Each structure stands twice: as structure tokens, then as C-alpha cells.
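Okay, structure first, notes after.
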Protein chains: 2
Amino acid sequence: MNVFAALADPTRAEIVDRLAGGPLTATEVVDQFEISQPAISRHLRVLREAGLVTVQPAGRQRIYHLDPAPLRDIDGWLDRYRRFWSGRLDALEDFMDQEPA
Amino acid sequence: MNVFAALADPTRAEIVDRLAGGPLTATEVVDQFEISQPAISRHLRVLREAGLVTVQPAGRQRIYHLDPAPLRDIDGWLDRYRRFWSGRLDALEDFMDQEPA
DNA sequence: AGATCGTATAGCGACTTAGTTATACATCTC
DNA sequence: GAGATGTATAACTAAGTCGCTATACGATCT
């Protein structure tokens, strides 16, 4: 559901990162981390529920693919804030005119 | 610390959204939500610790400003994934053409 | 069919989180 | 200085999360 929550866990963020390099089976993901297979399975479930990955069954294996849609959503959400760092000086100035404690 | 974790809470995400419209005192933030003042105070603390807001004391008030730096960081992190939705067919192909062991 | 493999789920414990009310504390007003 | 105001912290509770081990279950192999 909440993509930010799904990405908040460092293990999950790293799984997403690895899947950016191409699909992986569940076991291949397990092999890249120190934690147990059930723990990875659960992370994959959370990523699935967040829409960040899709599964393609292949016999007894599950091939996990990155689904970039939620990341694109975040990119869109960031649009509201880009003015703060995209060279609009008035926004920057607006942001700057304070005395940090 | 973890910006994603800070943004995972819907109340905090909305506080960030409101601060994009300009600085607000703690009380002004409290007035925009149904939850208690201490709850908001804690959310503001989390946002502060995540670097998403800065505080400027003004007498007994605290003026909270959005700090876009962590959002810019997310924007940078997304660079690794933009190829997935920015129409580059070779990247898509790159992503498709593999046969996991 | 029976064993094995790949993966998911169940159930538990330790820890964290988000809310509450009560209270502390500094600042302002009188 | 005394009271009020703005904000943060403390103490607690309910609920969620993340790890583990044990186990279930379908797919494959023999």
C-alpha cells in the first residue's frame, strides 16, 4: 500500500536496487542477503503488496521483476517540491532567509 | 535518519506537503490535524531528525520550515530507475532479455 | 508414490511506533 | 512574581514490524 513504508526498510530498498539489474528468483534474492529465506519471502510480499515487484511463476520458482510504477509515482509526487531546488532563486531565497539554530 | 521512514507516515507526509506552502508554527500545524499537540510535536521531531524540516525559534513559538534536501536526495536516488519509464527502449530491452538461472 | 526442492505461511519474541493524558519548562503578560 | 501560552517530554498502551524456527505445499525427479 504505502510505497514509502515499503522502501523504508533497507533490506527491501536493496532488493529493489538489485532487481533494477534484472529479474531474480526468490532463491537468488535470498542468496544475496544474510537473513533467512522466510524473512526475504516476507520482504518480497511487502514489495509485492506495494506494487514494486511482480511475480512470474516458473515451475516451483518465482521470478521477481521490478515494477517501476510506484517509483514513477514518487517522481510525480516530487514535482511539488522541485521548485525548491531547480534553480528558482525566489524559492531558494524564500527557503534561505532563516537563521538555523 | 531514514527519509522514507519519515515520509511513510501519512500525517508526516501531509505536514511536509503543507510546509511546502510556507513556514508554519507548531501550533498552526497542530490546528490542521485532528490528533493531539504532543502527537504532532513528535511527528515534527521525526521530520526534524530526518532533515526534512528546520526549526526557527521565535519567542515561545517554533517556526517550522521545509528543508527540501532529503527530497532532492530521493530525486537523485530515482535516477537509477528513470530509465524504466523514460522511454529508452534499449534499457527496457536490457531489463527484459534475461533468463535467470 | 516418495523424496527433494523452491517458496510461502504460521507462530513466537524483541523491538518500535503512534496515539493518549499528564506534566515540565521557557516565554510572555500582567 | 504569578498566571497564561507555546511547545516538548514522560509514561503508558495498543498495534505493528522484523527477525527466527518450524512447517506446509505445490512442482520436480526418481
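Only a predicted model underlies this, so the values are computations on that prediction, with no experimental measurement involved. Values below: all heavy atoms of this structure, side chains included; hydrogens, waters and symmetry mates excluded. Within every chain, numbering begins at 1; the chains are lettered A, B, ... in the order of the sequence lines, protein sequences first and strands thereafter.
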request  = Measure the distance from CD on B:Q56 to C1' on C:dT27 and round it to the nearest whole Å.
outcome  = 16 Å
ask   = Quick one: A:D9 CG to C:dC15 C1', roughly how many Å, whole number?
value = 14 Å
Under-4.0 Å side-chain N/O to phosphate OP1/OP2 contact, A:Y64 with C:dA8 = yes
task = Would you mind reporting whether A:H65 and A:L19 have side-chain heavy atoms less than 4.5 Å apart?
result = no
ask   = If each of A:A8 and A:A58 is mapped to the nucleotide of DNA chain D with the nearest heavy atom, which maps nearer the 5' terminus, i.e. the 5' end?
value = A:A8
ask   = Taking atom C1' of C:dT16 as reference, at what distance in whole Å does atom CZ of B:R45 sit?
value = 14 Å
query = Over how many whole Å does the gap from A:N2 atom CG to D:dG16 atom P extend?
reply = 15 Å
ask   = When you measure from the side chain of B:H43, which nucleotide among D:dC18, C:dA18, D:dA8 comes out closest?
value = C:dA18
task = Find the distance B:L44:CG to D:dG6:C1' and express it as a whole number of Å.
result = 13 Å
request  = In whole angstrom, give the distance that lies between atom CZ of A:R62 and atom P of D:dG26.
outcome  = 11 Å
message = Here's a test of your reading of the structure: between A:G59 and A:R12, which maps to the more 5' nucleotide of DNA chain D?
response = A:R12
note = Atom CD of B:Q61 and atom P of D:dG6 are separated, to the nearest Å, by 7 Å
key: Note, A:W77 side chain near B:L71 side chain (heavy atom, < 4.5 Å)   = yes
message = Categorize B:F33 for me: base, sugar-phosphate, or nothing, with a 4.0 angstrom heavy-atom threshold over every strand shown.
response = nothing
query = Which nucleotide sits closest to the side chain of B:S41: D:dC20, C:dC28, D:dA8?
reply = D:dA8
request  = Provide, to the nearest angstrom, the distance between the CG atom belonging to A:L47 and the P atom belonging to D:dT17.
outcome  = 14 Å
inquiry  = With hydrogens left out and only the distance checked, is there a donor-acceptor pair under 3.5 Å joining B:Q37's side chain and the base of D:dA8?
reply    = yes
message = Counting C-beta onward and ignoring hydrogens, is there a side-chain heavy-atom pair between B:V29 and B:F33 closer than 4.5 Å?
response = yes
query = What's the closest nucleotide to the A:P38 side chain, out of C:dA8, C:dT20, D:dT28?
reply = C:dA8
task = Can you figure out which of D:dG26, C:dA8, D:dC20 approaches the side chain of A:R60 most closely?
result = D:dG26
ask   = Contact class for A:A39 (heavy atom, under 4.0 Å): base, sugar-phosphate, or nothing?
value = sugar-phosphate
inquiry  = Nearest to the side chain of B:T11, heavy atoms from C-beta on, is which of D:dG6, C:dG19, C:dT4?
reply    = C:dG19
key: Lys/Arg-Asp/Glu bridge criterion (N-O < 4.0 Å) met for A:R82, A:D75   = yes
task = Look at the side-chain N and O atoms of B:S36 and state whether any lies under 4.0 Å from the OP1 or OP2 oxygen of C:dT20.
result = yes
inquiry  = So A:T54 and A:Y64, do their side chains get closer than 4.5 Å, heavy atoms only?
reply    = no
